[in-house]
Structure formats: structure tokens, C-alpha cells
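Have a look at the structure below before the remarks.
Note that this is a predicted model, so its numbers are computed, not measured.
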2 protein chains.
Amino acid sequence: MTKENPQAEKHDLSRYPRPSVTVDVVIFTIMADDLRVLLVQRKAEPFRGVWAIPGGFVHIDEDLLAAARRELEEETGLRGVYLEQLYTFGEPDRDPRSRVITVTYFALVSTDLLRGQQLRATTDAQAVQWFSMYDLPDLAFDHARILDYALTRLRGKLDYTNIVSELLPEEFSLSELQRYHEIILHRPLDKRNFRKKMEPRYARDGSPLANDPSPLLETGKKRMIGTHRPARLFRYKDKSRVD
Amino acid sequence: MTKENPQAEKHDLSRYPRPSVTVDVVIFTIMADDLRVLLVQRKAEPFRGVWAIPGGFVHIDEDLLAAARRELEEETGLRGVYLEQLYTFGEPDRDPRSRVITVTYFALVSTDLLRGQQLRATTDAQAVQWFSMYDLPDLAFDHARILDYALTRLRGKLDYTNIVSELLPEEFSLSELQRYHEIILHRPLDKRNFRKKMEPRYARDGSPLANDPSPLLETGKKRMIGTHRPARLFRYKDKSRVD
DNA sequence: CCAAAAGTGTTATGCTTACACCCATGC
DNA sequence: GCATGGGTGTAAGCATAACACTTTTGG
């Protein structure tokens, strides 16, 4: 209380210990036909040797989002990635050592961005590794709950945002787009219905329809892989924005 | 960084100053045909005399939600109220004095609960007052943005949750329910379409329909006010739950 | 019988779901 | 011509949106 009174505030601030504030970043990607999350193996107690979501302390003059970006970059070397605040967890005993409040974020990185990037072994981790969301190891602290929450949020946003565009390469076929949705939702989707919803519509003369609700743009290019009919390629009209 | 290394952690924690953590609680109610929010007038600098969202420091062993409940009770005397975490704001300069990270919540209190409750003048506030969301004073810090965010969230949840039940009395007519929706959305709704969506459906013999999607239960009671046709009264089958 | 709010139905449009076969390509 | 993934249409059911008059009550 008494944030509103500077005198009382000084009082409070000197008398009462402050909690530590960390950011933890749930980093998702799609890889090998699977939804994966980046975890680090803890080098020290508590939970030594146990896998955990990467994260760390917020610096005193650092924005929360900036701290999340920094953590992400430390682990993956990546910048300019989609990040969204998830939730703030602050149960007093979530860290057995001391009071730690963690502001969680989730990041979506496309296979494109990841290509050629090395995962970095940071000083506080024995190892860094991608895990399937559908086959997770035991996790430190309340991190299982955080992953759960992140997955729910990701799924929830799938069908009313462009969020999947952050995981896809710039250009993709409708089958690939559908596959990404299926991997995230973890269930099969009907091909014709999916296309009906996603595909751009054209007027009779082939010109782009004015009030087309589709988020996609047909590039005109085709992709040939293997020995079958080539697929048309699409792009998202707009990339999703951070919340 | 280095949260994972206890030695490095001690280092960090002693070397680096920690931010203060507060909770701010956006308290909504519906009153006099209007959506209102509870604000306090600051007694001290900065922003002395300016209106602000009630809030205060999180105690070192106190859960975030518990801190929000405490703030709420300090201002309104109310317990057992719907509270939901909104967002965490942590720009380094959002408080000119020092680094303050605020975890925001929103609370929904029904006119029923409020009846007979006194607003309390706390030590750090000159005054406490309900303001119309549609006619707000200037606000301290980034509080205008927080209110904005809270309103967006409330509106977004209106049509896929039972959240409005937290603002209503136990029993209400369809007209009242519609009025609450209109007040929150700040636009008129079609009466027949609204009822089609909300009203319970019955089989031909008048028995309650098995797969009725309506969230409402007809109580059988009627309410007579004034000199016109009495309205049927309804209840929500389930109350909404905290996120 | 008047004032006031409660209550009520239809049509058009568009989204959702379920479902099975033909097409284009390289070899 | 075959293997492989790309590509297509229709019908039923359901939600949405627009729109105006009748019913019930107390005084």
C-alpha cells in the first residue's frame, strides 16, 4: 500500500525486502513435423540437471519486453522475433530459494530464422535442446504449468490472428499451412474446409475480390518438390503484431 | 540472466537493485445505467491530486492475487470478488521516482455487493470515487492505458464467457441483461436477436431441452416494477471462474 | 383506455461440417 | 502408367442480422 505517498514509499522500500523479478521465455518452433519448445538444463541447485524454460533477471533499467528479447537472443542468437506477454506468476513459494516473480513471454521463431543459427550453451545451463511439446521431460519450478498456459494461448490465437505466420517461411503452400495448424492443434483438419476458409477468392474474371476475407495473398509462384503436382505458393498479407 | 546459478544469483541480487512490484486493480461496476471504475485521488507527489487506479506494493510473502484482493478490500471492504490478472506493465520510466513493475488486475463487483458498503478513504488517498468509463478525468502514470486495456479485455470476454454475471444481481430480467451488455459495449443491441441467443429453449412439452446452449436458467419468478407487464427472472447456470 | 416495458417470427445471408474423387507432375 | 501430393463442390444445419407489432400489467 501507500505507493501514493513518497515518504511512506521510502519507508516501505527500505524496510521491506523486494521480490526478484525474472522473465521466462517459452520459445516455440515447428521442426520435423512437430511443435517444439526450447529448454535449458540447469547447472545448479535447486533442480540441478532438470530441464527448464530459459529466463533470467530483469535489469533495473530494462523494459520487460527488452529483457525477454535479451534472453531469447542469449539462447538462440535471434533478434526481431515475435514475442508476446503471457502471464505473471508470483506464488511466494514457486522458487524455493527466495521470492521470485516471473513475467512470462512466448516467442515464435520460424524454421527459416533458425536455419544456420547455433544454440548457445550459456553459463548457467549444461545444455540447450529442443523438445517436442508432446513429449516433455520433467520440468523445474512451475514450468510445466507455464508451458501448458503458453500452448493454450497459442492454440486459442490460431484461428483469429495471423500468429502462425510467425512460424512459417515467407512463402508456403496451403498444405503446409494446414499442416502447421494440425501440428499446433494436435488434431487433423478437413482439407476442403480448411482451404475454403483460408484461400483468397477471385472475381469471375480472375481479378482479386474487393472484400476478400482471406489473410493470404497468392504469389503466383509454384513449388515443385518430388514427383507430383506443384503447389501454389502464398504469403500472409500482414504479419501479426505484438500484443 | 544466470538465475540458474545460485552463486551468480547471489551476486546479482546483492549487486543489482531490484525493482519494486505493485499490483493495481481496475475495479468495475455498473451503476446508474453506466459503467464505472473506482479511482483514488493521490495525496502526494508525483501526480499529487491526480486520480489513479488503486494499488500498492506486493508484500514479500504475499501472492499476487492475494495482494490484489487486499487492495480491493482496502478500498471497498469487499471480499470474494471476481479478479482476473490483466497484464504486467514494466517500462523503466513509468514511475518517475524509481523502477516499479505493476501487475494489473481487474475486478468486477455487482451493485448487489456494493449496496451498503462504504468506500474507505485510505491513508494515501485524498478521496475515492466512482467515475464513468465514458467520462474519465486525467490519470496518473500510465493508468489511462491500463484502463483502456481493461475495457478491451472486458468487452472481449463478454460474448464467450459468463463474466457479466459478476456484475449482475443473482436474478435479473432479459432486458436488464441486455442493458448490461449495451452499457459495457457502449452500443445498442437488437432485442430479438439478443433474446434468441440468450434465452433457454424448451421442448414442445415445456420441459427443459437437453442440449440447450443457453447459459441461463429461468427461475419461474417474475418481477413487477411500475405499471407494465412483469418480466421473467433468470439466473446464470454457472458463475464465471477466475483465469 | 393509456402508458410502459415485455415479449415475439421470418427471411436472407453466410459460415460450418461432412464427405470422395480427379489433376498434374516426374520418372 | 503409376505414385505422390495438389486441388476441387455440394448439401444440411446453424448462427447472424435486419426489421415492427402485440401482450400484459397498474392505474
Side-chain angles (χ1 to χ4, degrees), chain A residues 32-33 155-156 158-161 168-169 171-183 185 187-204 206 209-235, chain B residues 32-33 155-156 158-161 168-169 171-183 185 187-204 206 209-235:
Chain A
D33 230 38
R155 285 179 177 165
L158 250 201
D159 67 336
Y160 72 96
T161 69
L168 284 160
E171 303 191 340
F172 49 84
S173 69
L174 292 172
S175 298
E176 286 165 348
L177 180 60
Q178 181 177 343
R179 193 75 199 105
Y180 273 51
H181 279 255
E182 290 175 335
I183 289 169
L185 296 174
R187 66 183 166 84
L189 299 173
D190 182 274
K191 180 155 73 159
R192 276 169 296 187
N193 293 337
F194 183 81
R195 284 166 185 243
K196 223 177 298 172
K197 184 150 66 176
M198 300 303 299
E199 248 183 299
R201 283 151 199 207
Y202 301 96
R204 306 195 137 241
L209 213 50
N211 279 3
D212 185 3
S214 165
L216 302 181
L217 218 53
E218 189 166 349
T219 63
K221 299 186 215 165
K222 304 213 167 186
R223 171 178 301 153
M224 197 57 248
I225 23 173
T227 164
H228 54 268
R229 183 168 177 174
R232 292 170 295 157
L233 294 181
F234 297 82
R235 289 192 290 108
Chain B
D33 229 38
R155 285 178 178 167
L158 249 201
D159 65 337
Y160 72 95
T161 70
L168 283 158
E171 303 192 340
F172 48 85
S173 69
L174 291 172
S175 296
E176 284 164 351
L177 180 60
Q178 180 176 344
R179 194 73 199 108
Y180 273 53
H181 279 256
E182 290 175 336
I183 289 168
L185 296 173
R187 65 184 165 85
L189 299 173
D190 181 274
K191 179 156 73 160
R192 276 168 296 186
N193 293 336
F194 183 81
R195 283 164 186 246
K196 223 176 301 172
K197 185 151 64 177
M198 299 304 297
E199 249 184 297
R201 283 148 201 210
Y202 302 96
R204 305 194 138 241
L209 212 52
N211 278 3
D212 185 3
S214 165
L216 302 183
L217 218 53
E218 190 167 348
T219 63
K221 301 185 212 162
K222 304 214 165 186
R223 172 177 301 151
M224 197 57 249
I225 25 174
T227 165
H228 55 270
R229 182 168 178 175
R232 292 169 296 158
L233 293 182
F234 297 82
R235 289 193 291 108

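The residue among A:Lys196 and A:Pro230 whose nearest nucleotide of DNA chain C lies closer to the 5′ end is A:Lys196. Nearer the 5' end of DNA chain D, as judged by each residue's closest nucleotide, is the contact made by B:Pro213, out of B:Pro213 and B:Asn193. Judged by closest nucleotide on DNA chain C, A:Lys197 is the one of A:Lys197 and A:Lys222 placed further toward the 5' end.
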| Run the side chain to side chain contact (heavy atoms under 4.5 Å, CB included) check on B:Tyr180 and B:Leu168 step by step: do they pass? | CA-CA 8 Å; B:Tyr180 273 53; B:Leu168 283 158; 3.7 Å; yes

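Closest heavy-atom contact between A:Arg187 and A:Leu189: NH1-CD2, 3.5 Å. Residues A:Leu216 and A:Pro200 approach most closely at O-CG, 3.5 Å, considering heavy atoms. A pairwise comparison of heavy atoms in B:Gln178 and B:Asp190 identifies NE2-C, 4.1 Å as the closest pair. In terms of heavy atoms, A:Met198 sits closest to A:Ser214 at O-OG, 2.6 Å.
If you check every strand for non-hydrogen atoms under 4.0 Å, A:Arg195 touches a base. Contacts of A:Glu199 with the nucleic acid, taken as non-hydrogen atoms under 4.0 Å apart, involve only primed sugar atoms and P, OP1 or OP2.
Here the side chains of B:Tyr202 and B:Glu218 are in contact, with some heavy-atom distance below 4.5 Å.
The residues A:Glu182 and A:Arg179 are annotated as salt-bridged, a charged nitrogen and a carboxylate oxygen being separated by less than 4.0 angstrom.
Read 5' to 3', the first and last nucleotides of DNA chain C with an atom closer than 4.0 Å to a heavy atom of chain B are C:dA3 to C:dT10. For DNA chain D, the contact window with chain B, defined by any atom under 4.0 Å from a protein heavy atom, covers D:dT16 to D:dG26 in 5' to 3' order.
Listed for the B:Arg201 side chain is a donor-acceptor partner under 3.5 Å among the backbone atoms of B:Lys196.
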